[in-house]
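Heads up: the structure comes next, in structure tokens.
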2 protein chains.
Amino acid sequence: MGDGPTITTIAERAGVSIASVSRVLNGLPTRQETVRKVMAAADELGYVRNAVARSLKSRRTHQIAFAMADVGNPAYLAMLREIQPVLKAAGYRLVLHSTDAVVADEIDVLHSLGERYVDGLIMSPLRVTDTHLQMLATARAPVVIIGSVPDGTRVDNVRADSRTGVRLAVDHLYALGRRRIAMVNGPLDTVPGAARGAAYREALTDLGLPYDENLVQIGDFYREEGRRAVAELLDRAPEIDALMCANDLIALGALDVLRAKGRRVPEDVAVVGMDDTDLAAASWPSLTSVSLGSAERGKAAAELLLERLQGDDGDPKRVTVAPRLAIRASTAGPDYERTQRKEGGA
Amino acid sequence: MGDGPTITTIAERAGVSIASVSRVLNGLPTRQETVRKVMAAADELGYVRNAVARSLKSRRTHQIAFAMADVGNPAYLAMLREIQPVLKAAGYRLVLHSTDAVVADEIDVLHSLGERYVDGLIMSPLRVTDTHLQMLATARAPVVIIGSVPDGTRVDNVRADSRTGVRLAVDHLYALGRRRIAMVNGPLDTVPGAARGAAYREALTDLGLPYDENLVQIGDFYREEGRRAVAELLDRAPEIDALMCANDLIALGALDVLRAKGRRVPEDVAVVGMDDTDLAAASWPSLTSVSLGSAERGKAAAELLLERLQGDDGDPKRVTVAPRLAIRASTAGPDYERTQRKEGGA
DNA sequence: TTGTAAGCGTTATCAG
DNA sequence: CTGATAACGCTTACAA
């Protein structure tokens, strides 16, 4: 673990100035002979550029931060999977922050932008507080938000369309003849929780179905919480014939409970999840799920940020990704599943 | 996006030298009056320390890199989930590298250690080549490998015990009365592929079962590949009564195919996966799987690295994490599953 | 084409 | 206790 050669070491060895070394290393016009001497010295010494010194001078770190609520959540991972290659291709490294949806941690990330250890930030907050907005307004580096922010907020953002997503699902259930469609949601003070709850109500109304508070159960976005919530819901309203779940984890919890209670899926109760994570395709019965385009959103966010880093300083941009319904066995039954697989090819 | 105040700005405003500012900011003994002036100026200016300049001087970046084959693989994610909080608690940021198991990319990561943008590296290579070993020997920062390296390699490493893991699974299947136990493995030129293949053979031998090449199918570590492999295997050897799969994805592919062919799991064919990922618990029937302690390995690796960063320069350490068999419905049947869930509590 | 020298924003040493 | 001042390793005018 030697103490690493610097351009000074090379300069001495090659008998030239550090400026010449720098020029050669950066491919600036230099006499052939000098190039050769410098390259030789660099090779022999096993020289590697010091990224920190370089960043200090150039004011560019070639690092980008991605802050999300929870590394364990498959929806964020889908984003990560898309963000990573885009940034890598553009020569950026990825610095990961997991904030556990703790507001203070997110603010901290925003604050630390001032430390200039990254050139930009992609953030997907679960809740957006006034402090968030304030820090965003004075951020010291470009930021792209994955998620919704209040109208007028001057920040690039890529949002899902929960409303249309929920509607796709509810319409699908309705088309299957379901009329007692319940919802299991996450906390209403989160951006997705609020949006999905409202969209559910709206979708019912538009279909001419009554909105029944009894059919709405609030839990949290985890499987175990989903089980708890669905168990309660079934006790209270055993007559339901469909479940709209605010994410896939909740939906998996629902499948657990329904199975344990001997309710057939989808014959007795059809189930829809949201986010269309890997788990949806892996479960049995496989889970119909509304894709909110996590992957596309991640990709779009990375691309927006790169544009900013390339100097674009125009008005804030907003991208909205269209939702898509992935129909599987939990609503359409096993036959559908079989067909799907065959079509899917080998 | 103003141009950020520096200690010089603060010094001017507070009417003191930059040295005093630095002292105050670092909590070194200073007169109360000076402290007050500096803090006031810093507050008013919204000062944030420049991490890059600081790193250049201190030779510490407070960043650690984690390099893995694929951000999409749940086994690596399990590591990531544990590594992240450990590093965060110790004040380190996480820089993520996804190498797609491309050797050149891994070498690149090792090489880039010389750039000093991180203080250390945790790496989980799928294959370990001579170049890997060579670069490891001359690495410019502490490295911890998650995985096995040749004996004598002077590098901290945290390994799984695939051998014992496979044995646990095979013994379990044997105890259930299975005697035609087939294996679906990944590529034999990967470290895990080789280890698991050898372990399977050994386990059979020790149980007095014949090793039959016909019962071994090589594919790759993905679900789709698993389907293909298992389909072929079933054509060739329809009489098998158990499947030992080299990871969970392959096992899920196996479940797909068995279901499609009308073979009941576990009555006709028992299935075991490896890695015990989230998908194992989510599938139906839920998947018995050998946990190779991905999470524990990640945590141990992070802790080993932190020790090094705290100055420990003793001999290389080796940690081996014991495997554990998570028994679920794909071998023990749905009754077991039900019991499990009840015990699991609310 | 090349060398000298001035930063980039910190930390740390040394006199006062 | 405080202020000059010299690094850290690199890029980049500006001169030669």
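Note on naming: letters A, B, ... go to the chains in the order of the sequence lines (proteins, then strands), and numbering restarts at 1 for each one.
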State whether [X] places a side-chain N or O below 4.0 Å from either non-bridging phosphate oxygen (OP1 or OP2) of [N].
X: B:Y47; N: C:dT10; answer: yes
X: A:S20; N: C:dG3; answer: yes
X: A:S22; N: D:dT11; answer: yes
X: B:R49; N: C:dT11; answer: yes
X: A:R31; N: C:dT2; answer: yes
X: B:N50; N: C:dC8; answer: no

In whole Å, what is the span from the [atom1] atom of [X] to the [atom2] atom of [N]?
X: B:L56; N: C:dG7; atom1: CG; atom2: P; result: 17 Å
X: A:I7; N: C:dG3; atom1: CD1; atom2: P; result: 13 Å
X: B:N26; N: C:dT13; atom1: CG; atom2: C1'; result: 15 Å
X: B:R60; N: C:dT11; atom1: CZ; atom2: P; result: 15 Å
X: A:I10; N: C:dT2; atom1: CD1; atom2: P; result: 16 Å
X: A:Y117; N: C:dT10; atom1: OH; atom2: P; result: 16 Å
X: B:Q32; N: D:dT2; atom1: CD; atom2: C1'; result: 15 Å
X: B:I18; N: C:dA12; atom1: CD1; atom2: P; result: 13 Å

Classify [X] by what it touches in the nucleic acid, base, sugar-phosphate, or nothing, heavy-atom distance under 4.0 Å.
X: A:S58; answer: nothing
X: A:T6; answer: sugar-phosphate
X: A:L25; answer: nothing
X: A:T34; answer: sugar-phosphate
X: A:V16; answer: sugar-phosphate
X: A:R59; answer: sugar-phosphate

State plainly whether the residues [X] and [Y] are in salt-bridge range, i.e. N to O under 4.0 Å.
X: A:D315; Y: A:R154; result: yes
X: A:R308; Y: A:D156; result: yes
X: A:E115; Y: B:R93; result: yes
X: B:K317; Y: B:D312; result: yes

**OP:** Would you state whether a donor and an acceptor, one from the side chain of A:R23 and one from the base of C:dG3, lie under 3.5 Å apart?
**Re:** yes
Original post:
Do B:K57 side-chain and C:dA12 base share a donor-acceptor contact under 3.5 Å?
Top reply: no
Original post:
For B:N26, does the CG atom sit with more than 12 other heavy atoms under 6.0 Å from it, leaving out its own atoms?
Top reply: yes
**OP:** Select from B:R54 and A:E33 the residue whose nearest nucleotide in DNA chain C is closer to the 5' end of that strand.
**Re:** A:E33
Original post:
With no hydrogens and no angle check, is any side-chain donor or acceptor of B:R159 less than 3.5 Å from a backbone partner on B:I145?
Top reply: no
